[in-house]
Amino acid sequence: MRLRTVASRSRKGCITCKIRRVKCDEEKPSCHRCRSTGRKCDGYGPPSALSASTTNNQTKDMHIIQHTPQLTQAIRMWMLPSFDRLLTETEYRSLEFFHLQTVSCFGTKAGDFLLRAAYHDPSIRLAAMALGSLHRTFLLEGYDQSRQQKTQFALRQYNSAIRQTLNLFSRMPEGSTDVLLSMCILFFCFESLQGHFKMAVQHVISGLRILKQQESRCQTEGKDALLPSNIIRIMFNTIESQILEIDWGLTIPVEVQLALLSPSQLPSVRMAEETPCTLEGISESFGFLYNQFLKLLALLSISEHSEDGTVSETLAQVESHYLNVKRDIYAWSATLDRYLKTHPVDERERDDHQASNMKILEMWRIMMGIVLKVEGPLFSPSTFDKYTSDFSIVVSLAEKIISLTTPTHSRPNSDIHDCLDEEGKSRPLMLKEETCSPTRPASTSYIPILPKSDPSLPLSCSFSVSLGILTPLWIVATSCRDSQTRYRAINLMRRSRRREGIWDSNLYSRLAMRVVSMEEQAAGIQEGAEYRAADIPVSARVKAMTGRFCDGREGKVEFFRDGFKLSEETVSW
């Protein structure tokens, strides 16, 4: 067989052209090809030993050198004419991180529209760069307070975005509010990542007021809006639901509570019976229905503490509205069943992201099923005693969700899991060894309450504002009086290192542990002992926890039992 000869190529071109695999004109000191395209020519380097060996037809060792070009000057993104100026390297990297990582925190559809808005509007782009920079630091540094030194760029961009938003608000024509609402969403995320939850909520309230003003004037955004009204409503529904879930002093000012909590009149999200049988449509529909359900609970809470005739008049419609929402939730559940029947398990779990979303919906369906089956007062201390098996399924689903959404890291195994006591110190969680005797054994030998550490649990932090897992885990930890199930929930919360909007796994695992410790002490439960719901009498249970966010990373929390305040504490995170 004849060997085909290959013409030798010049190897004297500049490093940049070699990396780009294009012909270099070899002009010195920097080639014309690089200069004409706005690139920095990285020079020619020393003569290659490989070239000499080729000339002499001698076999030499080949050395492969990997060159990673650095962005050492401003970059112009020519494919996006809306960019009004050059980007520095830091700005480019921050926007790139927002593009590749941060937008996924909002869900597929909302994230796509936010990304489009960031690339087309300079004000949103400024906020997106600030958020992308801070998000990257949070994922890498987590709760480390020293990371503040690494967020100076993000803070500068954030302050600039705030100033631009104020200017925009002063000259914004009526009806053109999609940019302002987008900024409220991004500012909420930025403050949440910093742990400044009070300020985060204030941004949301500003956005909700704008939405209500739009609704009262029957205004919707035009076709050319960067974020359509239904996308904006989806994002605000999710965040508003978080505020209502936590209910730290309701956080919403009294003078606007009724206006903001009244059911939405905008047909922005499909009702359950019209929901398309797609995973995205099912998730959007549940977010809307769940938000309406929480508003009803908040309105009922207001009515219990108000003698205002206007409030009573408004609440006369609550009962019929509750029946409608309940009917829609059952219809939504039937739609989810149809989806499960038409999509085999292997198809649903082919993609980790889709499998995770599916399990989140299954977990929330179980939680709502429990709530809707409750007879009598929803928040009675013994309301959830017969749902231990359902709570256990919820925790198992949360474990699977974390394993699907988190890269696997190696982590040393241990025979026990640590959890936090009321002073914030770690202590082992153990169970007494089980026996066939119906009474508690006198032996003090213990076995771990949980299996060995799961190496798939995250070492880095995660952040999102879409439907999450921390709310169900919090309900299990504080409302389920089965020791094994509630400690699994607390431990999973603590180790998950998640922040879902203003829900923080580190903070709420500590608060849940505080509730558990108070109940165990009041019931005379020995530390580490196994118990069931019947072992904790109603008189020993913590019936309510209220609080309020303070400036910075602090809050005030109050614990109640039978209408009496047990304690008032300051918490920080």
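Given the structure is predicted, the values throughout are model-derived calculations rather than measurements.
- No hydrogens or angles considered: a donor-acceptor pair under 3.5 Å links the side chains of S123 and Q164.
- A side-chain donor-acceptor contact under 3.5 Å links R499 to the backbone of L193.
- Looking at S285, its side chain never comes within 3.5 Å of a backbone N or O of I282 through a donor-acceptor pair.
- Between F391 and L473, the closest side-chain pair of non-hydrogen atoms is not below 4.5 Å.
- Counting heavy atoms from C-beta on, the side chains of L467 and F286 come closer than 4.5 Å.
- In this structure, F98 has its ring center no closer than 6.0 Å to that of H135.
- Y531 is listed as a side-chain neighbour of E520, based on a closest heavy-atom distance under 4.5 Å.
- L511 contributes atom CG, which lies 9.0 Å from atom CE of M493 (distance to the nearest 0.5 angstrom).
- The structure places CZ of R561 at 6.0 Å from CE of M518, a figure rounded to the nearest 0.5 Å.
- Under the 3.5 Å distance criterion, with hydrogens and angles disregarded, a donor-acceptor pair is assigned to the side chains of E245 and Y290.
- Here CZ of F549 is found 5.0 Å from CD1 of I502. Values are rounded to the nearest 0.5 Å.
- Between the side chains of R498 and S505, no donor-acceptor pair of N or O atoms lies under 3.5 Å.
- Between W474 and T478 the shortest side-chain heavy-atom distance falls below 4.5 Å.
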### Task
Would you check, one step at a time, whether the test salt bridge (Lys or Arg N to Asp or Glu O under 4.0 Å) holds for E240 with K295?
CA-CA 9 Å; E240 185 182 32; K295 285 182 176 180; 3.6 Å; yes
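- One finds the OH atom of Y508 at 14.5 Å from the CD1 atom of I490 (value rounded to the nearest 0.5 Å).
- Looking only at atom types and distance, the side chain of R486 has no donor-acceptor partner in the side chain of S479 under 3.5 Å away.
- L361 and L336 get closest at one heavy-atom pair: O-CD2, 4.3 Å.
- Counting heavy atoms from C-beta outward, L155 and L134 have side chains that stay 4.5 Å or more apart.
- In terms of heavy atoms, Q242 sits closest to G501 at OE1-CA, 3.3 Å.
- Contact check on D385 versus R541 returns a salt bridge, with a Lys/Arg side-chain nitrogen under 4.0 Å from an Asp/Glu carboxylate oxygen.
- Between the OG1 atom in T102 and the CG atom in L114 there is a gap of 10.5 Å [rounded to 0.5 Å].
- Looking only at side-chain heavy atoms (C-beta outward), M183 and F188 stay at 4.5 Å or farther from each other.
- Listed for the W364 side chain is no donor-acceptor partner under 3.5 Å among the backbone atoms of P472.
- Between the side chain of W573 and the backbone N or O of D504 there is no donor-acceptor pair closer than 3.5 Å.
- For E399 (side chain) and L492 (main-chain N/O), no donor-acceptor pair under 3.5 Å exists by modelled atom type.
- Y158 and H203 have perpendicular rings, their planes meeting at more than 60° on a 0 to 90° scale where under 30° would count as parallel.
- Ionic pairing of E569 and R514 is present here: one or more N-O contacts between side-chain nitrogen and carboxylate oxygen are shorter than 4.0 angstrom.
- Under the 4.5 Å side-chain criterion, counting only non-hydrogen atoms from C-beta, K543 is not in contact with F560.
- When atom types are taken as modelled, the side chain of S396 and the backbone of S392 share a donor-acceptor pair closer than 3.5 angstrom.
- Side chain of S104 to backbone of Q101: a donor-acceptor contact under 3.5 angstrom is found.
- Defined by atom type and a distance below 3.5 Å, a donor-acceptor pair is present between the side-chain atoms of R495 and N491.
- Annotation: side chain of R481 is in contact with side chain of E519 (closest heavy-atom distance under 4.5 Å).
- Taking both residues in full, the closest heavy atoms of I469 and I401 are given as CG2-CD1, 3.7 Å, listed atom of the first, atom of the second, then distance.
- A donor-acceptor pair shorter than 3.5 Å can be found between the side chains of S160 and R163.
- Separation of the F113 and F106 ring centroids does not fall under the 6.0 Å cut-off.
- When all heavy atoms of A200 and S192 are compared, the pair lying nearest together is CB-OG, 3.6 Å.
- A donor atom on one side chain and an acceptor atom on the other are found under 3.5 Å apart for S241 and N291.
- One N or O on the side chain of D535 and one on the backbone of R532 form a donor-acceptor pair closer than 3.5 Å.
- Between E554 and K556 there is no salt bridge, since none of the side-chain N atoms of the basic residue sits less than 4.0 Å from a carboxylate O of the acidic one.
- Going from atom CZ of F463 over to atom CZ of R497 covers 15.5 Å, rounded to the nearest 0.5 Å.
- Residues V516 and A477 come closest through the heavy atom pair CG2-O, 3.8 Å.
- Side-chain atoms of S283 do not come within 3.5 Å of backbone N or O of E280 as any donor-acceptor pair.
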